[in-house]
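Working notes, beginning with the structure itself.
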Protein chains: 2
Amino acid sequence: MQDVFQALASPVRRAIIKMLRSRDMTAGDIADALTISKPTLSGHFNVLKAANLVHQRREGTTIIYGLNTSVMEDLLADFLDLMGKEDARGQEEIQP
Amino acid sequence: MQDVFQALASPVRRAIIKMLRSRDMTAGDIADALTISKPTLSGHFNVLKAANLVHQRREGTTIIYGLNTSVMEDLLADFLDLMGKEDARGQEEIQP
DNA sequence: TCATTATTTTGGTATTTTGCGAAATAACGA
DNA sequence: TCGTTATTTCGCAAAATACCAAAATAATGA
């Protein structure tokens, strides 16, 4: 879970996450939306993948990124734990 | 708010936050609980203070740190926003 | 097979972060 | 005022991160 907090530390990566919330996007789409080079963006994707926050699939010559919604849910649970709150189900978490 | 995400990126700082949830503690208490030097810990406190996540008060020769609960609440709101969830007040975010 | 498009990997530099020991600061009590 | 305790600031090195241009890879279609 360390990887996830690390992934969220960058404003660029949080912007990527926000964009992917509305729809899956190609690396190029995201590079156009952000003023950042493609190699740099590719590095950010590696961080997001390491945190398991996004998945990718190839379609022809393009690669399409999407959000791993379930991991985001897990992240919320961890986050609430950090804050000392119960999660939505009222359970105490069992650490995976 | 960038500072807050940055502050959460370090496992050491998240450990500090967790400890401060249960009670206010002196810098020395926390240094004893974590295997980390006091100068290094002091640096982490500066990051937490910059993010406004903790407050400090002096009591004699010791300095006591405590969690800024309201900022943690704000952080939760930002976090839910990042995930595209409504916050406790039922507001929708405006997409940037 | 060759050219084209989309993306990643490589290689390099600059910046930031993390860590420590030594010295400085602050408050106290004798 | 001096010594003690608690903590921070300073100075510096090591490690991690972010960034880009150039080269490499992958898929496609002519």
Side-chain angles (χ1 to χ4, degrees), chain A residues 1-20 22-68 75 82, chain B residues 1-20 22-68 71 75 82 96:
Chain A
M1 192 51 66
Q2 163 55 25
D3 289 342
V4 179
F5 283 102
Q6 190 57 48
L8 291 183
S10 152
V12 172
R13 289 190 293 265
R14 290 198 303 279
I16 293 171
I17 289 172
K18 282 208 173 190
M19 280 194 282
L20 291 180
S22 54
R23 63 183 177 88
D24 290 2
M25 294 175 81
T26 69
D29 287 343
I30 295 172
D32 291 344
L34 305 172
T35 54
I36 200 169
S37 76
K38 285 171 181 187
T40 299
L41 192 61
S42 189
H44 284 300
F45 275 125
N46 283 338
V47 176
L48 290 170
K49 278 190 288 183
N52 203 31
L53 281 167
V54 302
H55 57 85
Q56 61 186 154
R57 66 178 192 278
R58 179 177 279 277
E59 221 163 84
T61 79
T62 74
I63 292 181
I64 299 169
Y65 283 94
L67 213 53
N68 278 346
L75 175 57
L82 182 68
Chain B
M1 190 51 66
Q2 164 54 25
D3 289 343
V4 179
F5 282 103
Q6 191 57 47
L8 291 182
S10 152
V12 171
R13 289 191 293 266
R14 288 199 304 278
I16 293 171
I17 288 173
K18 281 206 174 192
M19 280 193 282
L20 291 180
S22 54
R23 64 183 177 87
D24 290 1
M25 296 174 80
T26 69
D29 287 343
I30 295 172
D32 291 344
L34 305 172
T35 54
I36 201 169
S37 76
K38 286 173 183 186
T40 300
L41 192 61
S42 190
H44 283 300
F45 276 125
N46 283 337
V47 176
L48 291 169
K49 277 189 289 184
N52 203 31
L53 281 167
V54 301
H55 57 87
Q56 62 186 152
R57 67 179 191 276
R58 179 177 279 278
E59 221 160 85
T61 78
T62 72
I63 292 180
I64 299 169
Y65 282 95
L67 214 51
N68 278 347
V71 177
L75 175 57
L82 183 68

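Order of the sequence lines fixes the chain letters, A, B, ..., with proteins taken first and strands second; residue numbering starts at 1 for each chain.
In this structure, A:Gln6 places its CD atom 16 Å from P of C:dT16, rounding to the nearest Å. As a whole-Å value, the separation of B:Asn46 CG from C:dT16 P is 17 Å. Counting to the nearest Å, the C1' atom of C:dT7 and the CE atom of A:Met25 are 15 Å from each other. Separating the CD atom of B:Gln56 from the C1' atom of D:dT9 is a distance of 14 Å, rounded to the nearest angstrom. In this structure, the CZ atom of A:Arg57 is 16 Å from the C1' atom of D:dA27, given to the nearest Å. Spacing between atom CG of B:Leu34 and atom P of D:dT7 amounts to 14 Å, rounded to whole angstrom units. The nearest whole Å value for the distance from the CZ atom in A:Phe5 to the C1' atom in C:dT17 is 19 Å. For B:Ile64 and D:dT5, the CD1 to C1' distance is 14 Å, given to the nearest whole Å.
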What does the B/S/- profile of nucleotides 19-30 of chain C look like, 5' to 3', with a 4.0 Å heavy-atom cutoff to protein?
BBBB---SBS--

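B:Arg14 places no side-chain N or O within 3.5 Å of a backbone atom of B:Ile16 that could act as its donor or acceptor partner. A donor-acceptor contact shorter than 3.5 Å links the side chain of B:Arg13 to the backbone of B:Ala7.
Across every non-hydrogen atom of A:Met19 and A:Ala33, the tightest pair is SD-CB, 3.6 Å. Closest of all the heavy-atom pairs between B:Val71 and B:Asn52 is CG2-O, 3.2 Å. In this structure, B:Tyr65 and B:Leu20 approach most closely via the heavy-atom pair O-CD2, 3.5 Å.
A distance of 12.0 Å separates CG in A:Leu75 from CG in A:Asn68, rounded to the nearest 0.5 Å.
Applying the 4.0 Å criterion to OP1 and OP2 of C:dT8, one finds that A:Tyr65 has a side-chain N or O inside that range.
Within the 4.0 angstrom heavy-atom criterion, only backbone atoms of the sugar-phosphate kind lie near B:Thr62; the bases stay farther away.
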